Number of protein chains: 4
Amino acid sequence: MPDKKTETASHEPRWRRRKDDRPGEIMDAALDVFLEKGYAATRLEDIAQKAKVTKGTLFIYFTNKEDLFRSLVREGIGQLAAFKDQSHTDLRASAHEIILLMVHNWWKFLANSNFGKLPKIIISEATNFPDITKMYMDDVILPGRKMMADVVQKGIDAGEFQSVDAEIAARIILAPLFMLLIWRYSASAFEKKPIHELDYINTHVNLSINGLQVRPATP
Amino acid sequence: MPDKKTETASHEPRWRRRKDDRPGEIMDAALDVFLEKGYAATRLEDIAQKAKVTKGTLFIYFTNKEDLFRSLVREGIGQLAAFKDQSHTDLRASAHEIILLMVHNWWKFLANSNFGKLPKIIISEATNFPDITKMYMDDVILPGRKMMADVVQKGIDAGEFQSVDAEIAARIILAPLFMLLIWRYSASAFEKKPIHELDYINTHVNLSINGLQVRPATP
Amino acid sequence: MPDKKTETASHEPRWRRRKDDRPGEIMDAALDVFLEKGYAATRLEDIAQKAKVTKGTLFIYFTNKEDLFRSLVREGIGQLAAFKDQSHTDLRASAHEIILLMVHNWWKFLANSNFGKLPKIIISEATNFPDITKMYMDDVILPGRKMMADVVQKGIDAGEFQSVDAEIAARIILAPLFMLLIWRYSASAFEKKPIHELDYINTHVNLSINGLQVRPATP
Amino acid sequence: MPDKKTETASHEPRWRRRKDDRPGEIMDAALDVFLEKGYAATRLEDIAQKAKVTKGTLFIYFTNKEDLFRSLVREGIGQLAAFKDQSHTDLRASAHEIILLMVHNWWKFLANSNFGKLPKIIISEATNFPDITKMYMDDVILPGRKMMADVVQKGIDAGEFQSVDAEIAARIILAPLFMLLIWRYSASAFEKKPIHELDYINTHVNLSINGLQVRPATP
DNA sequence: GATGAATGAGCTTTCATTCAT
DNA sequence: TATGAATGAAAGCTCATTCAT
């Protein structure tokens with residue numbers, strides 16, 4: 001039986017300096033733990049472990065638990081800007097085509113980034129972190145709802161859509177998207193059979209557009 | 001020695017705090033605090049204060065914080081049975097009429113009872129209380145979704161609705177209802193102008209039905 | 001060997017309610033630990049142990065370590081008022097008689113109360129707790145020094161004492177008293193033979209008075 | 001490759017930080033921080049910053065915080081030897097002249113060297129570092145007190161001074177000096193008007209000598 | 001039963017110390 | 001040698017739970 005200490009080769013160093021990467025790694029780890037357990041139930045220990053550092057390290061990069069939480073939400077919201085830059089909507093398309101495109105683009109972004117983890121967190125912590133909720137409302141919800149409402153209104157004005165309250169319609173169109181995201185990170189694990197998210201999204205847009213249109217596609 | 005509260009005419013006090021109401025009062029208080037702050041961030045002190053008892057009293061009726069939480073969720077889910085008993089759907093109506101009725105009935109129930117406070121709680125605590133989530137899924141979500149899916153399927157079979165995946169359609173119809181509830185107990189306080197919930201619900205059913213119908217109402 | 005649990009008689013209760021006495025007991029314990037170790041080196045655990053309670057109990061009566069410290073210093077300073085009430089100086093006596101009396105009275109008070117533990121604490125924590133130091137200065141040092149200076153001045157005016165700066169003289173008269181106290185609670189344990197405090201005080205007053213007088217007692 | 005720091009004219013840099021000065025610089029910085037905050041409340045980070053090095057560097061020269069502290073006190077005590085070498089007392093002078101000289105010499109040394117910072121530190125940390133306190137007692141306090149007591153005794157023997165306990169008298173003569181030093185590094189910042197230290201010292205020696213003398217200077 | 005003082009386990013945070021760079 | 005990121009033991013503090021009153 002060989003003596004452990006005699007092993008010739010590479011002793012893995014006890015730790016490594018990762019000054020530049022750490023904050024991001026910690027925030028990523030923290031986001032997932034906060035998402036799963038909620039802010040209060042999350043122990044810094046869990047985050048540290050997931051980020052493969054020790055508790056103390058967290059305090060090198062963030063002043064405290066709250067600061068870590070806020071930073072990570074802010075960081076998440078910040079990703080929206082990047083998304084906006086790369087997403088352009090066809091200008092002359094009909095309203096239903098724009099909606100189709102928007103929903104799919106948005107979903108692609110929401111479904112595949114940390115950004116999509118925010119809704120569940122925001123909803124859970126809304127009253128405990130009012131300032132964050134307000135920021136999310138102002139920077140994410142309201143602009144998104146506005147964009148959707150504008151397209152709906154455009155459709156109404158063009159005679160393509162029925163006359164409805166455009167803002168309410170926008171909320172209703174967006175609700176299933178958010179619900180799907182929130183569900184994904186909470187109860188969906190308890191579904192008997194997994195949700196086919198894309199089918200859900202497709203069915204949703206079709207029904208929505210169909211519901212809005214004055215003369216539906218089916219003749 | 002006469003009871004101070006005794007009204008002039010009768011010897012029966014009009015209102016008396018029955019010993020057996022204590023647990024109910026505590027659960028009501030607890031529900032609201034858990035709803036606002038989440039399970040972990042809620043201090044029993046807060047609940048006690050809201051229920052106008054002291055911390056110690058909570059432990060007379062519930063073995064611990066977790067038991068109080070579980071009890072209150074179970075109690076909430078239990079209300080569903082009472083609701084089911086009193087709600088009957090017209091048997092011969094057309095699918096869209098049934099949907100219209102169901103959504104309004106459900107919303108009336110959800111919007112005005114403690115039952116409607118559960119979704120936000122379940123979503124926030126889903127992973128921390130898997131057994132509760134499972135119970136909610138089995139007793140509430142799946143049956144409700146099934147009922148809705150059955151009506152949709154009935155509409156499809158009758159040629160009233162387009163051919164869609166009835167279960168997905170059911171989810172989509174229910175999503176805005178739950179979203180509205182969840183929103184009400186989290187971020188809605190941060191809306192610029194308050195949501196008119198009934199307009200939202202009405203617009204939603206109309207669009208949904210319109211979206212499903214083979215030949216929409218507007219000719 | 002008897003089973004512990006079978007012991008018939010008085011099981012000492014795990015704890016007892018002492019709402020009214022606790023704060024004082026805790027402050028007394030804390031004063032001694034702070035005096036011995038200094039503020040920063042004192043662990044709440046030590047205080048709790050000395051006060052025969054657990055750490056948690058400290059937080060029932062004081063919001064945090066700092067609050068406990070401040071409270072206890074304030075409490076200590078407060079004792080001065082009680083002392084002042086009971087100490088009267090003879091009005092017509094000669095200056096040297098008043099000094100004699102004052103020093104002895106003061107020393108009796110300083111040497112036998114918690115009040116006398118403050119100087120060492122104040123000096124050690126002066127820069128860490130500037131507000132406390134200021135309070136001690138304004139409420140204790142300056143008034144005390146003023147009283148002594150007034151007597152010295154009276155002696156000078158009456159031709160009994162040499163002409164010196166009365167305030168400086170007051171400081172010098174008080175210095176050995178404070179030094180003795182500070183020493184008592186710090187290095188005196190390391191003296192080869194213990195200090196005879198009363199001899200020290202007596203010698204000091206005699207020398208001081210003798211030093212001040214225009215014509216000394218020895219003919 | 002030429003040294004960047006090399007001055008134009010000479011190859012010898014005008015000023016170079018000698019390797020051997022590091023420990024001294026660190027101890028100087030540490031002394032001041034320990035003096036201000038006390039041992040436990042001092043963070044090595046603060047010392048490092050004041051010494052213009054980083055935390056890690058401290059551990060190159062000192063094995064740990066305690067070692068740094070002990071070293072610096074020992075170093076301070078060591079200065080006493082140098083002082084003793086250069087201070088000679090006139091052998092044939094009268095006792096009161098020697099006292100006058102001694103006090104002034106000692107004060108000059110205490111007031112202007114790091115040595116004078118020790119008393120406050122020793123008093124504050126006496127019980128936490130008994131060995132240091134003992135060392136200070138044996139090497140500083142007792143010899144100093146002995147010297148003073150010897151002079152007083154000499155005065156008594158010569159009939160110049162009253163008969164008092166020489167050791168106690170020595171303590172009393174020294175007390176205001178130490179008190180002044182301790183005060184300077186603690187509460188003196190909170191005095192309404194700054195203390196004129198030399199006036200204080202002068203008044204003190206005069207009063208002390210006057211107090212001791214059988215026949216005072218003022219006839 | 002009801003109360004709330006007291007407990008103690010557990011979490012956040014600090015900081016002396018180590019060690020990869 | 002010097003640095004400072006990373007560690008981890010220890011301290012302050014919170015709060016669910018117990019239990020004397």
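Just so it is clear: chains get the letters A, B, ... in the order the sequence lines come, proteins before strands, and each one is counted from 1. Everything numeric in this text was worked out from a predicted model, so none of it was measured.
Closest approach of B:A51 and B:E25 over heavy atoms only: CB-O, 4.2 Å. Closest approach of C:A187 and D:T133 over heavy atoms only: CB-CG2, 3.8 Å. Between A:A30 and A:L68, the shortest heavy-atom distance links the atoms CB-CD2, 3.9 Å. Taking each heavy atom of D:G76 and D:L118 in turn, the nearest pair found is C-CD1, 3.8 Å. Contact between C:F62 and C:P23 at its shortest, heavy atoms only, is CZ-O, 4.0 Å.
Salt-bridge annotation for D:K50 and D:D28: absent, with no side-chain N of the basic residue lying under 4.0 Å from a carboxylate O of the acidic one. A salt bridge links A:D46 to A:R43: one of the charged nitrogens lies within less than 4.0 Å of a carboxylate oxygen. Between A:D32 and A:K117, at least one side-chain nitrogen of the basic residue sits less than 4.0 Å from a carboxylate oxygen of the acidic one, meeting the salt-bridge criterion.
Distance, C:Q49 CD to E:dA6 C1': 17 Å, rounded to whole Å. Atom CZ of A:R17 is separated from atom P of E:dT18 by 16 Å (rounded to the nearest Å). Atom pair D:I60:CD1 and E:dC19:C1' shows a separation of 12 Å (rounding to whole Å applied). A straight line from CZ of B:F69 to C1' of F:dT17 spans 19 Å, rounded to a whole angstrom. Put simply, NZ on C:K52 is 13 Å from P on E:dT7, counting in whole angstrom units. Atoms CG (A:L68) and C1' (E:dC11) sit 15 Å apart, rounded to a whole Å. A:F62 has its CZ atom 14 Å from the P atom of F:dA5, to the nearest Å. Between A:D67 atom CG and E:dT12 atom P there is a gap of 15 Å when expressed in whole angstrom units.
For the OP1/OP2 pair of E:dT3 and a distance below 4.0 Å, the side-chain nitrogens and oxygens of B:T57 include at least one atom meeting the criterion. The phosphate of F:dA6 has neither OP1 nor OP2 within less than 4.0 Å of any side-chain N or O from A:R18. Contact between the side-chain N/O atoms of A:R14 and the OP1/OP2 oxygens of F:dG8 is found at a separation under 4.0 Å.
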Exercise. Given C:F69 and C:F129, is the ring pair (Phe, Tyr, Trp, His ring centres under 6.0 Å) satisfied, shown in steps?
Worked result: CA-CA 10 Å; C:F69 182 68; C:F129 294 90; 4.7 Å; yes
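A heavy atom lying under 4.0 Å from DNA chain E marks none of the residues of residues 28-36 of chain C.
In this structure, A:W15 and D:A40 both approach DNA chain E, and ranking their closest nucleotides by distance from the 5' end singles out D:A40. Sequence order on DNA chain E of the closest nucleotides to D:E45 and C:R16 puts C:R16 first from the 5' end.
Using Watson-Crick or G-U wobble geometry with both donor-acceptor distances under 3.5 Å, E:dT21 finds its partner in F:dA2.
Under the 6.0 Å distance and 45° angle rule, D:K65 counts as a cation-pi partner of D:Y39.
Residue contacts for C:Y61: at a heavy-atom cut-off of 4.0 Å it reaches the sugar-phosphate backbone alone, with no base atom in range.
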Taking N or O atoms only and anything under 3.5 Å, show me the protein contacts with nucleotides 13-15 of chain E, one pair per line.
from, atom 1, to, atom 2, distance (Å)
E:dT13, OP2, A:K65, N, 2.9

